[in-house]
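Below, chain A is the first sequence line, B the second, and so on; all start at residue 1.
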Amino acid sequence: MVRAGVVGTHLPTSGLDIFGDLRKMNKRQLYYQVLNFAMIVSSALMIWKGLIVLTGSESPIVVVLSGSMEPAFHRGDLLFLTNFREDPIRAGEIVVFKVEGRDIPIVHRVIKVHEKDNGDIKFLTKGDNNEVDDRGLYKEGQNWLEKKDVVGRARGFLPYVGMVTIIMNDYPKFKYALLAIMGAYVLLKRES
Amino acid sequence: MIYSLICLHLENIFDWNVKQLFLYLSAEYSTKNNALNQVVLWDKIVLRGDNPKLLLKDMKTKYFFFDDGNGLKGNRNVTLTLSWNVVPNAGILPLVTGSGHVSVPFPDTYEIMKSY
């Protein structure tokens, strides 16, 4: 009696039969998984762009990077911003701004505002936890900030959540490991 | 500028989701150069658990009060308002302005504080 058997090696069955899985998957299934993954990434990007449009801010979610606003915000906290043009800049507001020529957003409080009849505003900021105002942080010769420097106004806040971003920046190996795990999971996930 | 007496009762603002209050006294006025000016004169952080009753007597302004230009000297109408920023444990960050304010005229002559 001839018995038909599966051609190829039998790996010992275990929960982690990864290589068996990879071999059984043909090209079509691989492309399908890759497309699934691309769809997830596109959706995430679309949600982010949608937030940018909704809030009017180029960066509607920022992570607090320094302790200059303690004890209100600590390094690693997450801030939600809006940047509506109709909202005037007023003393006491927490603004996120970028100094011209620098990439890093700074989260501080407005302590002085001078607004002209035509709507031109210049304002000064200071971190709650700092002794002095931010003039030392501005560009050489710059004494005031203007509306164009503002990334947004802080409207909401979540503690600790932003730490993941900081860890990924400080320890790039962690970022690659995370991406590798995510990639492996998506490619090998079997749709039941 | 010296204040005589400010008494604050903050218990009603603190609830389970309030981590701290950032209080500030701001002066608002208008000048020839600028239609609107706002300057923070004094601020204080009150954490949950701190004494919610504040008695501020004879306080000097924490920050120098000067204008961008010469608009303060002799300005008849400088409005002082107390406001506060509620910082929650998580959630929305409201900025509340106290109801009621004090209008003071700025004197025609004033002393420039030499010490820094």
Margin query: What verdict does the side-chain hydrogen bond (donor to acceptor under 3.5 Å, both in side chains) test give for B:Lys19 and B:Asn89, after you've listed the backbone C-alpha separation in whole Å, the side-chain angles of each residue and the deciding distance to 0.1 Å?
Written below: CA-CA 5 Å; B:Lys19 184 165 81 167; B:Asn89 283 317; 5.7 Å; no
Item checked: Atom group of A:Val110 that falls short of 4.5 Å from chain B, counting heavy atoms -> backbone
Check: Using 4.0 Å as the upper bound for N to carboxylate O, is an ion pair formed by A:Asp128 and B:Lys44?
Finding: no
Item checked: Under 4.5 Å from any heavy atom of chain B - which part of A:Ile94 -> side chain
Note to self: Check A:Lys122 with A:Glu146, please: is the shortest side-chain N to carboxylate O separation under 4.0 Å?
What the structure shows: no
Notebook entry, point to check: Is the shortest side-chain N to carboxylate O distance from A:Arg75 to A:Asp170 below 4.0 Å?
Noted result: yes
Next item on the list: Under 4.5 Å, counting heavy-atom pairs only, tell me which of B:Leu93, B:Leu95, B:Leu47 racks up the most with chain A.
Entry: B:Leu93
Check: Top residue by heavy-atom pair count (under 4.5 Å) with chain A, among B:Val87, B:Leu36, B:Asn85?
Finding: B:Leu36
Item checked: Largest heavy-atom contact set with chain A, pairs under 4.5 Å, which of B:Gln38, B:Gln20, B:Glu28 -> B:Gln38
Margin query: Could you check whether A:Arg90 pairs with A:Glu115 (Lys NZ or Arg NE/NH1/NH2 to Asp/Glu carboxylate O, under 4.0 Å)?
Written below: yes
Checklist line | Which atoms of B:Ile45 approach chain A - backbone, side chain, both or neither, heavy atom under 4.5 Å | finding: side chain
